[in-house]
Amino acid sequence: MSPPRKIGRILASPAVGQEETVQGWVYRTRSSGAIVYAVVRDSTGIIQVTVKKGNLPEEEFEAAKAAPVESSVIVTGKLFEDKRAPGGFEIKASGFKLVGGAMPFPITEYQSEELLLDNRHLWIRSREQAAVMKVKASVLEGARAWLKANDFIEVTPPILTQNACEGGVTLFKLKYFDREAYLSQSAQMYLEALIFSLDRVYSLTPSFRAEKSRTTRHLTEYWHLELEEAWTDNAGNMEVQENLVTAMVEQVLQDRQEELRLLGRDPADLREVRPPFKRVRYSQAIEALRAQGLDLSFGSDLGAVEERAFTANEKVPVFVTNFPKEIKAFYMKEDPEEPSTVKCADMLAPEGYGEIIGGSERETDLDKLVERLQALEIPMEAYQWYLDLRRFGSVPHSGFGLGIERVVRWVCRLEHIRDAVPFPRTVARCYP
RNA sequence: GCCGUCGUAGCUCAGUCGGUAGAGCGUGUGACUGUUAAUCACAAGGUCAACGGUUCGAUCCCGUUCGACGGCGCCA
């Protein structure tokens with residue numbers, strides 16, 4: 001016997017008059033005396049089940065009448081087309097089996113953000129949350145498919161580390177037996193080591209940042225797609241970035257248009273995402289923003305306000321390149337054509353969603369690296385293995401890190417990044 | 001780290017110019033054979049975040065603490 005059809009399948013190819021079985025959860029019930037209307041949901045959709053007294057055993061009718069929201073049920077009955085039913089079809093129940101009852105569901109009509117976050121383990125049953133998770137799966141699928149097709153090898157760097165990759169960024173410290181260690185905030189240095197045997201590598205790992213950031217684009221734990229390739233300069237790496245992001249978006253467009261619409265994102269917006277993306281030098285960006293009336297000088301970083309102003313009217317991501325050396329990480333390569341800047345690129349999502357990728361060509365000169373580390377007063381002991389990479393057959397190489405949830409936030413038009421992950425970890429929340 | 005807003009029923013909120021509190025939703029009971037976040041009737045449900053101060057009297061005024069949310073900086 002074949003398994004019962006999912007609701008989405010039943011609605012996509014309705015077999016009117018045929019008996020169907022639905023395994024799902026009570027989404028909503030209404031009762032009108034001897035008729036109970038139970039809207040049932042599963043992972044694919046919702047359908048109305050009409051339960052009439054007399055059409056099924058008395059105790060099953062009573063069970064349907066009393067079933068609270070989110071009770072799990074198995075319903076059997078024939079499918080009918082009916083304009084009065086939400087979605088246009090309904091199942092007239094000949095059987096209604098209560099599998100698991102439910103307490104009064106804490107999430108009802110109007111709810112505060114706090115309650116929804118406290119009850120995240122239940123809130124993820126909502127259609128919006130489910131849609132986001134499906135889009136995210138397609139983003140990851142699209143990324144992996146493109147990377148495989150382009151000869152990037154997935155590697156598995158450690159999460160426990162003793163390296164503070166970017167100096168300034170705060171780390172989660174933990175006890176590692178009788179020593180200290182940190183949760184990784186970036187796999188970059190490990191990926192740099194791996195290119196010497198594998199050439200083109202990437203990793204998909206959680207990254208952890210103990211930043212006390214209260215914003216709509218920061219998580220303390222997020223999924224980080226990092227990539228490193230040997231024999232490539234910053235310009236070549238930017239092509240990888242725009243092609244990869246385009247592939248992610250294309251996969252979403254292929255699989256998840258219905259979910260996008262549910263979330264309020266018009267798929268047509270995303271069809272405009274194609275390489276090449278616009279490239280703007282930092283100095284030009286500053287000028288353009290000044291022309292808009294913003295008060296900026298060369299050397300100040302682009303903040304949230306500036307990023308928003310710069311990309312508000314874009315439909316496609318934009319690269320900003322050649323940031324001043326002082327405001328960027330120690331491992332970024334100086335640009336010989338403009339030595340006050342480094343060969344780096346930030347990819348900014350359109351519509352003001354902000355940075356989704358930070359990438360650069362890496363400094364290969366050992367002395368310059370040491371100099372930068374000293375200037376920033378970064379303790380050198382933990383970096384000896386990293387400096388070794390410049391001592392043994394150093395090659396030009398470039399790479400970047402991409403925040404998966406930031407991409408999902410943009411693609412799904414989410415107000416807050418925490419909705420791009422089922423159980424968000426932020427500065428104020430580590431539960432549930 | 002900085003700035004701001006909020007905490008009253010299970011939930012969303014109103015309210016008390018300082019005299020111990022109300023609505024809607026949800027829940028319970030009953031009615032209803034075509035509902036669309038159904039409707040109608042009745043009922044239960046409160047240490048007004050915690051602690052301290054002022055006061056005859058504080059949920060309300062003042063202070064402290066805790067919690068939550070929003071924004072900045074920093075980043076992906």
Side-chain angles (χ1 to χ4, degrees), chain A residues 27-39 46 48-55 61 65-66 68-69 80 82-88 90 92 102-119 165-171 185-188 204-227 241 245 300-308 323 327-329 345-349 353-359 399-410 415-418 420-421 426-429 431:
Chain A
Y27 186 67
R28 192 168 291 149
T29 59
R30 295 175 283 272
S31 155
S32 177
I35 306 184
V36 176
Y37 305 97
V39 179
I46 59 172
Q48 174 164 292
V49 176
T50 305
V51 188
K52 285 193 188 182
K53 197 182 178 82
N55 289 357
F61 174 78
K65 197 171 179 179
V69 167
F80 289 92
D82 195 314
K83 288 201 189 79
R84 294 166 297 187
E90 66 178 17
K92 292 192 190 298
M103 316 243 309
F105 203 60
I107 301 171
T108 58
E109 215 163 326
Y110 305 103
Q111 296 299 346
S112 63
E113 203 59 40
E114 180 176 3
L115 182 114
L116 293 176
L117 289 167
D118 284 341
N119 289 284
C165 182
E166 317 226 356
V169 182
T170 322
L171 295 149
Q185 58 182 16
S186 169
Q188 179 193 319
L204 191 52
T205 64
S207 272
F208 303 88
R209 306 227 169 151
E211 301 161 356
K212 292 190 175 171
S213 307
R214 292 201 58 91
T215 77
T216 55
R217 53 194 188 286
H218 284 85
L219 294 166
T220 54
E221 174 180 339
Y222 67 97
W223 281 82
H224 206 176
L225 173 58
E226 290 174 278
L227 177 150
Q241 294 170 35
V245 168
S300 48
D301 206 350
L302 296 185
V305 177
E306 291 80 25
E307 282 186 359
R308 223 171 287 138
F323 281 72
I327 58 175
K328 285 293 176 184
D346 282 359
M347 188 193 290
L348 306 183
Y353 282 101
E355 184 180 350
I356 51 178
I357 288 182
F400 64 86
L402 174 151
I404 294 293
E405 285 81 6
R406 287 188 171 182
V407 171
V408 171
R409 177 175 173 237
W410 155 49
E415 244 173 69
H416 203 294
I417 197 168
R418 66 180 162 226
V421 60
T426 59
V427 60
R429 191 171 286 276
Y431 174 92

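Letters A, B, ... are given to chains in the order of the sequence lines, protein chains preceding strands, and every chain is numbered from 1. Bear in mind the structure is a predicted one, so any value in this text is a computation, not a measurement. Below, all heavy atoms of this structure are taken into account, side chains as well, without hydrogens, waters or symmetry copies.
Scored by the ring-ring contact (aromatic ring centres under 6.0 Å, His included) test, A:Tyr37 finds no partners at all (sequence neighbours excluded). With sequence neighbours left out, A:Glu405 forms a salt bridge (Lys or Arg N to Asp or Glu O under 4.0 Å) with A:Lys136. Residues that satisfy the salt bridge (Lys or Arg N to Asp or Glu O under 4.0 Å) test with A:Lys53, not counting sequence neighbours, are A:Glu58. By the side chain to side chain contact (heavy atoms under 4.5 Å, CB included) test, A:Phe80 is found to be paired with A:Lys78, A:Lys92, residues two or more places apart in sequence or in another chain being considered. Under the rule for a salt bridge (Lys or Arg N to Asp or Glu O under 4.0 Å), the partners of A:Arg84 that lie at least two apart in sequence or sit in another chain are A:Asp82. By the ring-ring contact (aromatic ring centres under 6.0 Å, His included) test, A:Phe400 is found to be paired with no residue, residues two or more places apart in sequence or in another chain being considered. Under the salt bridge (Lys or Arg N to Asp or Glu O under 4.0 Å) criterion, A:Glu113 pairs with A:Arg418, sequence neighbours left out. Residues satisfying the side chain to side chain contact (heavy atoms under 4.5 Å, CB included) criterion with A:Pro106, sequence neighbours excluded, are A:Asn119, A:Leu122. Partners of A:Ala102 according to the side chain to side chain contact (heavy atoms under 4.5 Å, CB included) rule, which considers only residues two or more places apart in sequence or in another chain, are A:Pro68, A:Ser71.
Partner of A:His224 under the side-chain contact (heavy atoms from CB on, under 4.5 Å) criterion, out of A:Arg209, A:Gln185, A:Gln188: A:Arg209 alone.
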(request) For RNA chain B, just give me the dot-bracket, please: Watson-Crick or G-U, both distances below 3.5 Å, ( ) intra-strand, [ ] crossing earlier pairs, | paired with another strand, . unpaired. (result) (((((((..((((.....[..)))).(((((.......))))).....(((((..]....))))))))))))....
(request) Could you encode protein contacts along nucleotides 67-73 of chain B as a string, one character per nucleotide from 5' to 3', using B for base contact, S for sugar-phosphate-only contact and - for no contact, with a heavy-atom cut-off of under 4.0 Å? (result) -SBBBBB
Which pairs, protein N/O on one side and nucleotides 30-34 of chain B N/O on the other, fall under 3.5 Å?
from  : atom 1 : to      : atom 2 : distance (Å)
B:C32 : N3     : A:Gly33 : N      : 3.0
B:G34 : O4'    : A:Tyr37 : OH     : 2.2
B:G34 : O2'    : A:Arg84 : NH1    : 3.0
B:G34 : N9     : A:Tyr37 : OH     : 3.1
B:G34 : N7     : A:Lys52 : NZ     : 3.4
B:G34 : O6     : A:Lys52 : NZ     : 3.2
B:G34 : O6     : A:Lys92 : NZ     : 2.7
B:G34 : N1     : A:Glu90 : OE2    : 2.9
B:G34 : N2     : A:Glu90 : OE1    : 2.6
B:G34 : N2     : A:Glu90 : OE2    : 3.4

